K.L.:
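First the structure, which I've put down as structure tokens, then a few questions once you've had a look.
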Number of protein chains: 2
Amino acid sequence: MQETLDHRLEERNIKPTAVRLLVLKAFMAQEAAIGLADLENRFDHADKTTLYRTLKTFEEHKLIHSIDDGTGALKYALCQETCDCAPEDLHVHFLCTVCNKTFCLNDTPIPQINLPTDFSLDSVNMVVKGLCSDCR
Amino acid sequence: MQETLDHRLEERNIKPTAVRLLVLKAFMAQEAAIGLADLENRFDHADKTTLYRTLKTFEEHKLIHSIDDGTGALKYALCQETCDCAPEDLHVHFLCTVCNKTFCLNDTPIPQINLPTDFSLDSVNMVVKGLCSDCR
DNA sequence: GAAGCCTGTGCAACCGGGTTGCAAAAGTGC
DNA sequence: GCACTTTTGCAACCCGGTTGCACAGGCTTC
């Protein structure tokens, strides 16, 4: 397990520190996306700034990606191992209105849409709200 | 013009006050969505709270709808006159990455997507980023 | 092994958007 | 004119995110 964690960090050129391994472990342990506040609660000895910067570091190195699900707080989820955070890696995110968990729907690519003429497309953020399988 | 404004408010059961007429006028005058900060700048004599509550009132009465385009500040845009803010009134929003303006793509309904089994859909927020016709 | 350096961590303080409480002002009905 | 409701304005707060700065730890270089 420890090996896997180390490896996952090295793969993305991130030095494994205690905090980083802890945070990564949290991500590996659950499917739902994780916010800064979640980490603060889980590791109540660790400093908010450190956790914040850990997330930023992970994000910069494309180990995780951020999700703005409209709840007011950013969440983060592990990228696919092959992920390059390129447009084709974009996917739909799902927010359960009951348990408030956010999931990557990695198998649900963002559908193509037709823009008005003279508009060009760069990226798309698509968040679906509803009930997840646990809550319905 | 004044008539139109009054009428538009009455239609939604909103009492026409000076501030409200001014704010509505601002919405009618431009296509792009408007945020609280925009209003504060435009009417630098008016109070932030008043403008805030004006927006809330308009939103409650479905004269405008809010748009979370991921820029960190909510924006608002006029609803269609027939709008009921029901699921079928949902549409795609477009954020120009250059001029930072946000538009309703009223003619672009949100495409249907397939959720994993046991997930049920409630609503969808879809924001497309790119270049608008003025900026490309 | 001391001096210097770089990275990571922790604390405090700040920032901006949004929100609330409360009191004054404006409008409404009698 | 008076009581009542609504709207407005000010102040203060909340919360998520962010920055500045100092310190700790590891590692090099002499």
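Hydrogens, waters and symmetry mates are skipped; everything else that's a heavy atom, side chains included, is used. Here the structure is a predicted model, which is why all the values come from computation and not from measurement. In what follows, chains are A, B, ... by sequence order, proteins preceding strands, each numbered from 1.
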K.L.:
Whole-Å distance between dG8(C) C1' and Glu60(A) CD?
P.N.:
14 Å
K.L.:
Using only heavy-atom distances, decide whether a donor-acceptor pair under 3.5 angstrom links the side-chain of Arg20(B) to the base of dG27(C).
P.N.:
no
K.L.:
What's the CZ-C1' distance between Phe43(B) and dG9(D), to the nearest Å?
P.N.:
17 Å
K.L.:
Measure the distance from CG on Leu51(A) to C1' on dG16(D) and round it to the nearest whole Å.
P.N.:
14 Å
K.L.:
Among the candidates dT19(D), dT8(D), dG16(D), find the nucleotide nearest to the side-chain atoms of Lys48(A).
P.N.:
dG16(D)
K.L.:
Do Asp122(A) and Thr97(B) have side-chain atoms, one donor and one acceptor, less than 3.5 Å apart?
P.N.:
no
K.L.:
Nearest-Å distance, CG (Asp68(B)) to C1' (dG18(C))?
P.N.:
12 Å
K.L.:
Between Ile67(A) (CD1) and dG16(D) (P), how many Å, whole number?
P.N.:
17 Å
K.L.:
Rounding to a whole Å, what distance do you find between Leu55(B):CG and dT20(C):P?
P.N.:
15 Å
K.L.:
Just say parallel, tilted or perpendicular for the rings of Phe119(B) and Phe94(A), cut-offs at 30° and 60°.
P.N.:
perpendicular
K.L.:
Using the closest heavy atom to pick a nucleotide of DNA chain D for each, name whichever of Ala18(B) or Thr49(B) lands nearer the 5' end.
P.N.:
Ala18(B)
K.L.:
For the pair made of CG in Asp47(B) and P in dA24(C), what is the distance, rounded to whole Å?
P.N.:
16 Å
K.L.:
Working note: Leu36(A) + Leu74(A), criterion side chain to side chain contact (heavy atoms under 4.5 Å, CB included); need CA distance, chi angles, decisive distance, verdict.
P.N.:
CA-CA 8 Å; Leu36(A) 180 53; Leu74(A) 279 183; over 6 Å; no
K.L.:
Using only heavy-atom distances, decide whether a donor-acceptor pair under 3.5 angstrom links the side-chain of Lys15(A) to the base of dG8(C).
P.N.:
no
K.L.:
In terms of side-chain heavy atoms of Leu36(B), which of dT8(D), dG10(C), dG18(C) is nearest?
P.N.:
dG18(C)
K.L.:
With sugar-phosphate meaning primed atoms plus P, OP1 and OP2, does Lys56(B) contact a base, only sugar-phosphate, or nothing at under 4.0 Å between heavy atoms?
P.N.:
sugar-phosphate
K.L.:
Verify the neighbour count for atom CG of Asn41(B): are there more than 12 heavy atoms of other residues, nucleotides or ligands below 6.0 Å?
P.N.:
yes
K.L.:
Between dT20(C), dT8(D), dG8(C), spot the one nearest the side chain of Thr17(B), thanks.
P.N.:
dT8(D)
K.L.:
To the nearest angstrom, how far is Glu40(B) atom CD from dC10(D) atom C1'?
P.N.:
13 Å
K.L.:
Starting at the 5' end of DNA chain C, which residue's closest nucleotide do you reach first, Arg53(B) or Gly72(B)?
P.N.:
Gly72(B)
K.L.:
Looking at CD1 of Ile113(B) and CG of Leu121(B), how far apart are the two atoms once the value is rounded to the nearest 0.5 Å?
P.N.:
6.0 Å
K.L.:
Using only side-chain N and O atoms of Tyr52(B), determine if any of them is under 4.0 Å from OP1 or OP2 of dT19(C).
P.N.:
yes
